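Report on one structure; see the data block that follows.
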2 protein chains.
Amino acid sequence: MHDDPIRRFRRFSRAVTTEVGALDASFLGRGRPLGAARVLNAAGKGRREVAEIRDYLGLDTGLMSRLLRSLESEGLIKLSADPQDARRRVVTLTSAGQAEFKAYEALSDEQARCVLERHKRADTLLEAMDLVATALGRDRIELKPEDPRAPAALHCLGRYYEELARRFDQGFDVSLSCDPEAGDMMPPRGLFLIAWSDDLPVGCAGLKGHGGDTAEVKRVWVAPVARGLGLARRLMAAIETAARAQGVTRLLLDTNSRLPEAVAMYRHSGWTQIARFNDDPYPDVFFEKRL
Amino acid sequence: MHDDPIRRFRRFSRAVTTEVGALDASFLGRGRPLGAARVLNAAGKGRREVAEIRDYLGLDTGLMSRLLRSLESEGLIKLSADPQDARRRVVTLTSAGQAEFKAYEALSDEQARCVLERHKRADTLLEAMDLVATALGRDRIELKPEDPRAPAALHCLGRYYEELARRFDQGFDVSLSCDPEAGDMMPPRGLFLIAWSDDLPVGCAGLKGHGGDTAEVKRVWVAPVARGLGLARRLMAAIETAARAQGVTRLLLDTNSRLPEAVAMYRHSGWTQIARFNDDPYPDVFFEKRL
DNA sequence: AAATTTAGCTGACTTTAGTCAGCTAAATTT
DNA sequence: AAATTTAGCTGACTAAAGTCAGCTAAATTT
């Protein structure tokens, strides 16, 4: 009875409605209705086009217009015409607006700090929060190309290497493995994709090409908090699509029998096991796929 | 940067505001404003006194009165005077009200089911949800006396025994240990407390007395999802207070060195290690505390 | 018994959110 | 160049939520 999944889920909903709802309500402390505060925050976070903000917050054009007017009359924002298309309008925060935005940010940060500081096991709590947030937002996970040397990419790769080191008996040292050149994992020869759940990178996959009709899939990784959401398949499918678009007809990849989930996934996704095709010391299972 | 705790906490807040907020909005599908629906739900869940519901939902008397009026005119509730105090009013659901309440429950259940069914690792997700919900609601955790044979008590004890079985090399079989009689852990001789986080039991502790001035603390357990919140100390303090009130001047307890957190906690809470005082095969560390 | 407190009701009010039709002006299509 | 589409604004509206003063009647205190 106390293990009933539905009951547990609903308990969770109640808890976050109460607690996170209370956090939201604190925005009212700055003497501005929530709607206006949300618009100011969206603008502060870099959403500059009126249509974009309206869309993001799901507002009617009339309501949006009035909210902008009220922020404008408070002297927090300035509206100007988009130079490309004078019908569209662009929001800019005035310095007072910047300050007000920062005040909201500080409020949120402070609340987060309050909750986290009281916890002896903040790391466990955050891990759980990441997992829940990723699961709830699964339909909004986006795959975006990235430079494999960008911070988010290095974050993913670092986690990936750490995990390999934990899984392999002999550990893992990337300098002993054949680490692709960044240029080989970027257009036009290749690609490096990151899966974003909101602002957290939760997975990656690389396509290493050299312009020929064979390319290699590398660095397929899904964060522990994002497993079970079918993200690896989604990343693989995107990589394959990109490979096809780049004229690749044969894909290769190497992996290791200590990663049985990965091996099983490849087997179930149309990959054929083949003989070793490189002398990298880490992999012991090799696959190919004809596109 | 992607590991910044505050950033991660705020990502969680955004995710639940979006997702759980969307679940709430579905209540509007039944053609009733959210306020009225919330009152109906509170009444359906057993909150019968108007003041209690008003307090729970944080409503003004005027607003509450109007919401009750609207539910009454819909034929969903009946209001009557409290027999003890005719100023107070009591809400009763009519059969139409019961049906409507059940429809809301079914809606919530269905939403929970939808989210959970899509997840391959629903158990991991629920574990994380329990942890987050317990952490966020930590200030609302309540200790309540319970019959040690009640379902919630058996739930806690079962989890406790499972954990002992995992921790002890030789496993744990409660029938080989000295399992207290239920009557010894109930007033007036003893006590059995459960820590409730909303409707989930997340900890327990027993006081086993026999009417004399010595009593024993038994079955102190905190659910993994509730650890790090200081619950064990809170339970112990409540047990000690109850023991004092029952005229106990000396408390005993036995534990095991395979539970080092527990041993450390007792040491830091004024307990003194003493020699073995029973022949139970499982404990190997013994404590006493003079009250 | 009188005074005070408490629980709830009512009317009059405000704020916030949101909808909708019709408008202007710029951009795009024909 | 005319017609159409698009982006946003405005006025007039509604619904929901919430506030507040003043009221009644029951209960409690003095």
Side-chain angles (χ1 to χ4, degrees), chain A residues 17-18 21-22 24-43 47-74 76-92 104, chain B residues 17-18 21-22 24-43 47-74 76-92 104:
Chain A
T17 306
T18 311
D24 259 28
S26 79
F27 273 15
L28 302 174
R30 298 199 66 78
R32 197 170 289 110
L34 210 58
R38 296 213 303 153
V39 171
L40 182 66
N41 271 292
R47 286 173 215 269
R48 289 289 139 83
E49 304 215 337
V50 167
E52 188 191 358
I53 296 177
R54 207 175 51 212
D55 209 53
Y56 171 65
L57 299 176
L59 300 174
D60 169 90
T61 57
L63 182 51
M64 179 67 183
S65 175
R66 262 171 275 264
L67 291 174
L68 288 173
R69 208 75 341 99
S70 97
L71 289 171
E72 202 177 23
S73 74
E74 275 193 274
L76 302 178
I77 60 166
K78 280 236 163 74
L79 288 162
S80 47
D82 182 324
Q84 258 85 59
D85 181 342
R87 291 170 307 177
R88 306 183 132 254
R89 307 201 69 189
V90 178
V91 182
T92 347
Y104 278 113
Chain B
T17 306
T18 311
D24 260 28
S26 79
F27 273 13
L28 301 174
R30 297 198 67 77
R32 197 169 289 110
L34 209 58
R38 297 211 304 153
V39 171
L40 183 66
N41 270 293
R47 286 172 215 269
R48 288 288 139 83
E49 305 214 337
V50 168
E52 188 191 357
I53 297 176
R54 208 174 49 210
D55 209 53
Y56 172 64
L57 300 175
L59 301 174
D60 169 270
T61 58
L63 183 51
M64 180 67 182
S65 175
R66 263 171 273 264
L67 292 173
L68 288 172
R69 209 75 340 101
S70 98
L71 289 170
E72 202 177 23
S73 74
E74 276 193 274
L76 302 178
I77 60 166
K78 280 236 164 71
L79 288 162
S80 48
D82 182 325
Q84 258 85 58
D85 181 341
R87 290 170 308 179
R88 306 184 131 254
R89 308 201 69 188
V90 178
V91 183
T92 348
Y104 279 112

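First the proteins, then the strands, lettered A, B, ... as listed; each starts at 1. On a predicted model such as this, the values are computed, not experimentally measured, just so you know.
Closest approach of A86(A) to A81(A), counting heavy atoms only: O-CB, 3.9 Å. Closest non-hydrogen pair, L59(A) versus L63(A), comes out as CD2-CD2, 4.1 Å. Residues V91(B) and A43(B) approach most closely at CG1-CB, 4.0 Å, considering heavy atoms.
In terms of the side-chain contact (heavy atoms from CB on, under 4.5 Å) criterion, residue partners of S80(A) (sequence neighbours excluded) are, by chain and number, V90(A), T92(A). Looking at residues two or more places apart in sequence or on another chain, you find a side chain to side chain donor-acceptor pair (under 3.5 Å) between D85(A) and R87(A). Every residue two or more places apart in sequence or in another chain that forms a side-chain contact (heavy atoms from CB on, under 4.5 Å) with T18(B) is listed here: R140(A). R47(B) is linked by a side-chain contact (heavy atoms from CB on, under 4.5 Å) to A42(B), E52(B), I53(B), Y56(B), counting only residues two or more places apart in sequence or in another chain. Every residue was checked against the side chain to side chain donor-acceptor pair (under 3.5 Å) condition with R66(B), not counting sequence neighbours, and none meets it. Residues passing the side-chain contact (heavy atoms from CB on, under 4.5 Å) test with R89(B) are V50(B), R69(B), L79(B), sequence neighbours excluded.
In this structure, the nucleotide among dA7(D), dA7(C), dC20(C) sitting nearest to the side chain of D60(A) is dC20(C).
The distance from atom CG of L59(B) to atom P of dC9(C) is 13 Å, rounded to the nearest whole Å. One interatomic measurement links the two molecules: CG of D55(A) to C1' of dA7(D), which rounds to 13 Å at whole-angstrom precision. Between the CG atom of L79(A) and the P atom of dA25(C) there is a distance of 18 Å, rounded to whole Å. Residue E72(B) contributes atom CD, which lies 14 Å from atom P of dG8(C) at whole-angstrom precision. Nucleotide dC20(C) holds its P atom 19 Å from the CE atom of M64(A), rounded to whole Å. The CD1 atom of I53(A) sits 16 Å away from the C1' atom of dC9(D) (whole-angstrom rounding).
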Protein and nucleotides 14-17 of chain D: nitrogen or oxygen contacts under 3.5 angstrom:
unit_1  : atom_1 : unit_2 : atom_2 : d
dA17(D) : OP1    : G35(B) : N      : 3.2

Give me the distances for all protein-to-nucleotides 26-30 of chain C N/O pairs that come in under 3.5 Å?
unit_1  : atom_1 : unit_2 : atom_2 : d
dA27(C) : OP1    : A86(A) : N      : 2.8
dA27(C) : O4'    : R87(A) : NE     : 3.4

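With the nearest nucleotide of DNA chain C identified for both R66(B) and R38(A), R66(B) has the one nearer the 5' end.
In this model, the phosphate group of dG8(C) is not approached by any side-chain N or O of R89(B) to a distance below 4.0 Å at OP1 or OP2.
In this structure, R69(B) reaches the sugar-phosphate backbone alone: every heavy-atom distance under 4.0 Å involves primed, P, OP1 or OP2 atoms, never a base. Within the 4.0 angstrom heavy-atom criterion, only backbone atoms of the sugar-phosphate kind lie near R54(B); the bases stay farther away.
Taking CD1 of I77(A) as the reference point, atom CG of L71(A) lies at 5.0 Å (rounded to 0.5 Å).
Scanning DNA chain C for stems, defined as runs of 3 or more consecutive Watson-Crick or G-U wobble pairs whose donor-acceptor distances all fall under 3.5 Å, gives the following ranges: C:1-30 with D:1-30.
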For residues 25-32 of chain B, which side-chain donor-acceptor pairs fall under 3.5 Å, sequence neighbours excluded?
unit_1 : atom_1 : unit_2  : atom_2 : d
S26(B) : OG     : L23(B)  : O      : 2.7
S26(B) : OG     : Q111(B) : NE2    : 2.5
R30(B) : NE     : E100(B) : OE2    : 2.6
R30(B) : NH2    : E100(B) : OE1    : 3.2
R30(B) : NH2    : E100(B) : OE2    : 3.3
R32(B) : NE     : E74(B)  : OE1    : 2.9
R32(B) : NE     : E74(B)  : OE2    : 3.3
R32(B) : NH1    : E100(B) : OE2    : 2.9
R32(B) : NH1    : Y104(B) : OH     : 2.9
R32(B) : NH2    : E74(B)  : OE2    : 3.0
R32(B) : NH2    : E100(B) : OE2    : 3.4

